[in-house]
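As the structure is a computational prediction, the values presented were derived from the model and not from experiment. When a residue number appears, it is its place in the shown sequence, counting from 1.
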Amino acid sequence: MSGKSFSVWLNNEYLPNHPEYSWVKEVSSKSVKHSIECGCTAFTRFFKHQSAFPNYKKKGKSDVKMYFVKNNPKDCFCERHRINIPTLGWVRIKEKGYIPTTKDGYIIKSGSVSIKADKFYVSVLVEIPEAQIANNSNDGIGIDLGLKDFAIVSNGKTYKNINKSARLKKLEKQLIREQRCLSRKYENLKKGEVTQRANIQKQKLKVQKLHHKIDNVRTDYINKTIAEIVKTKPSYMTIEDLNVKGMMKNRHLSKAVASQKFYEFRAKLQSKCNENGIELRVVARWYPSSKMCHRCGCIKRDLKLSDRIYRCECGYVEDRDFNAALNLRDAITYEVA
């Protein structure tokens with residue numbers, strides 16, 4: 001059954017015979033249709049073996065979002081300090097001036113409300129006029145992503161691993177301490193000891209806030225790194241198609257790989273390249289960027305992961321990651337993302 005057929009069956013057959021579920025009609029009809037289409041997409045991906053079986057999303061555990069649309073194009077949808085959400089009405093916004101208004105000439109299409117660590121967030125889909133693309137006449141660059149350093153650029157710039165920063169280490173220590181405290185409360189509950197469930201919820205909220213804070217620190221570092229790279233205005237960028245799924249199978253490196261957020265970096269980099277008219281090139285994952293000598297092109301088959309300095313028989317000596325970034329910059333075989 002398709003999402004459209006399910007929507008017709010729900011409205012015409014199921015809800016009239018089951019009045020206890022009439023609360024579905026209290027929210028916007030387009031919000032219900034959007035939820036049905038999301039469920040249809042999830043099952044379609046499952047039957048195509050692209051993802052796992054869809055799970056029920058619980059409010060306290062999953063990133064549940066409420067979708068809404070702007071029903072009347074002439075209505076005022078957003079002002080400087082508040083936003084009009086269907087069935088809720090005008091809702092004040094803590095951070096003012098972030099969402100563009102119709103007075104600025106933008107067309108607001110839809111939005112969604114989500115909750116993370118006991119805080120509500122609203123994101124809005126806005127149609128903006130196409131900006132003029134700047135002339136990027138500089139040379140291209142190659143970007144090598146790694147674990148020792150986050151990103152090594154062929155122009156000599158190196159972006160350090162954010163996980164080694166003192167601030168993030170301090171937050172992770174706090175997270176370990178709060179998780180241990182939460183685990184003890186659950187263990188006491190299993191043993192039959194007196195443990196208030198309200199205290200468990202308070203402790204769970206502390207853990208969620210720390211997770212959210214750590215995630216924001218890493219995301220902010222990615223955004224600033226991409227912005228600094230794009231400001232150099234290269235004519236093209238070349239990155240490698242990393243096998244992140246295969247790297248995650250290594251139990252010694254899985255945590256470090258997950259915390260680097262390689263997929264998020266590539267998605268945001270591609271978005272920024274499209275905005276600024278920069279060509280993003282992606283080389284195959286089997287391209288020997290680290291094993292190839294940048295001077296003579298000789299491939300060193302016996303190169304180990306522990307070899308941080310690349311030494312070639314022709315006398316070329318260079319840092320392993322910087323050598324890979326140079327090879328990515330000069331790659332001939334690639335695909336344009």
Next on the checklist: Assess the residue pair Phe150 and Ile222 against the criterion (side-chain contact (heavy atoms from CB on, under 4.5 Å)); give the C-alpha distance rounded to whole Å, side-chain angles, the decisive distance to 0.1 Å, and a yes or no.
Outcome noted: CA-CA 9 Å; Phe150 176 66; Ile222 290 175; 4.1 Å; yes

Checklist entry - Any cation-pi pair here, Lys157 with Tyr159, using under 6.0 Å and within 45°? => result yes

Item to check | Any donor-acceptor N/O pair, Lys206 side chain to Gln201 backbone, under 3.5 Å | outcome: no

Checklist entry - Less than 4.0 Å between a side-chain N and a carboxylate O, is that true for Glu279 and Arg281? => result yes

Checklist entry - Ion pair present between Lys291 and Asp302, side-chain N to carboxylate O less than 4.0 angstrom? => result no

Checklist entry - Can you find a side-chain donor-acceptor pair between Lys249 and Ser254 that sits under 3.5 Å? => result no

Checklist entry - Is a side-chain donor or acceptor of Ser7 paired with a backbone partner of Gly3 at a separation under 3.5 angstrom? => result no

Item to check | Pair Thr44, Thr41: side-chain N/O donor-acceptor within cut-off below 3.5 Å | outcome: no

Next on the checklist: Testing the basics here: between Arg329 and Gly142, what is the closest heavy-atom pair and its distance to 0.1 Å?
Outcome noted: CB-N, 3.6 Å

Checklist entry - Got a donor-acceptor contact below 3.5 angstrom from the Asn161 side chain to the Leu147 backbone? => result yes

Checklist entry - So, for Ser154 and Gly140, which heavy atoms are closest and what is the spacing to 0.1 Å? => result OG-O, 4.5 Å

Checklist entry - Given the rule that I, L, V, M, F, W and Y join up when any side-chain heavy atoms are under 4.5 Å apart, are Tyr287 and Val282 in one cluster? => result no

Next on the checklist: Taking Arg308 first and then Asp321, would you say they form a salt bridge - that is, a charged N and a carboxylate O separated by under 4.0 Å?
Outcome noted: yes

Item to check | Heavy-atom pair of closest approach, residues Ser259 and Ala256 | outcome: OG-O, 2.9 Å

Next on the checklist: Can you confirm whether Glu335 sits close enough to Asp241 that some side-chain heavy atom of one is under 4.5 Å from a side-chain heavy atom of the other?
Outcome noted: no

Checklist entry - Just checking, any donor-acceptor pair under 3.5 angstrom between side chains of Asn223 and Lys268? => result yes

Next on the checklist: Quick one, His211 with Gln179, criterion side chain to side chain donor-acceptor pair (under 3.5 Å). Give me CA distance, side-chain angles, the key distance, then yes/no.
Outcome noted: CA-CA 10 Å; His211 272 297; Gln179 283 179 329; 3.3 Å; yes

Next on the checklist: Please tell me whether Leu303 and Val283 are part of a single hydrophobic cluster in this structure, the criterion being side-chain heavy atoms less than 4.5 Å apart.
Outcome noted: no

Checklist entry - So, for Gly146 and Gln260, which heavy atoms are closest and what is the spacing to 0.1 Å? => result O-NE2, 2.9 Å

Checklist entry - How close do Met247 and Phe262 get, heavy atom to heavy atom, and via which atoms? => result CE-CE1, 4.2 Å

Item to check | Verdict with supporting geometry, Lys261 and Phe265, side-chain contact (heavy atoms from CB on, under 4.5 Å) | outcome: CA-CA 6 Å; Lys261 293 189 172 186; Phe265 176 83; 5.9 Å; no

Checklist entry - Just by distance, do the side chain of His212 and the backbone of Gln208 share a donor-acceptor pair under 3.5 Å? => result no

Checklist entry - Considering only heavy atoms from C-beta outward, does the side chain of Leu269 approach that of Leu280 to under 4.5 Å? => result yes

Next on the checklist: Regarding Glu172 and Arg218, does a basic nitrogen lie under 4.0 Å from an acidic carboxylate oxygen?
Outcome noted: yes

Item to check | Ring geometry between Phe6 and Trp9 (parallel below 30°, tilted from 30 to 60°, perpendicular above 60°) | outcome: tilted

Item to check | Minimum heavy-atom distance Leu168-Ile162, with the two atoms named | outcome: CD2-O, 3.5 Å

Checklist entry - Is the backbone N or O of Leu205 less than 3.5 Å from a side-chain atom of Asp118, with the two atoms forming a donor-acceptor pair by type? => result no

Checklist entry - In terms of hydrophobic clustering (I, L, V, M, F, W, Y; side-chain heavy atoms under 4.5 Å; direct or indirect links), are Tyr236 and Leu145 co-clustered? => result no

Next on the checklist: Can you confirm whether or not the ring centre of Tyr310 sits under 6.0 Å from the ring centre of Phe322?
Outcome noted: no

Item to check | Beyond-backbone contact of Val207 with Leu175, side-chain heavy atoms, under 4.5 angstrom | outcome: yes

Checklist entry - Is any NZ, NE, NH1 or NH2 atom of the basic residue among Lys160 and Asp149 found under 4.0 Å from an Asp or Glu carboxylate oxygen of the other? => result no

Checklist entry - Has the side chain of Thr232 got a donor or acceptor atom that lies under 3.5 Å from a matching backbone atom of Glu228? => result no

Next on the checklist: Does the structure place the NZ or CZ of Arg295 under 6.0 Å from the centre of the six-membered ring of Tyr316, at an angle of no more than 45° from the ring's axis?
Outcome noted: no

Next on the checklist: Side-chain heavy atoms nearer than 4.5 Å, only ILVMFWY residues, links allowed to pass through others: does that put Ile36 and Phe68 together?
Outcome noted: no

Item to check | Pair Asp307 + Lys300, salt bridge at N-O below 4.0 Å | outcome: no

Next on the checklist: Could you tell me if Asn11 and Lys25 have a donor-acceptor pair between their side chains, going purely by distance under 3.5 Å?
Outcome noted: yes

Checklist entry - Among the clusters formed by ILVMFWY side chains lying less than 4.5 Å apart, do Leu88 and Val113 turn up in the same one? => result yes

Item to check | Pro234 vs Ile278 side-chain heavy atoms within contact, under 4.5 Å | outcome: yes

Item to check | Side-chain donor or acceptor of Asn327 paired with backbone N/O of Ser289 under 3.5 Å | outcome: yes

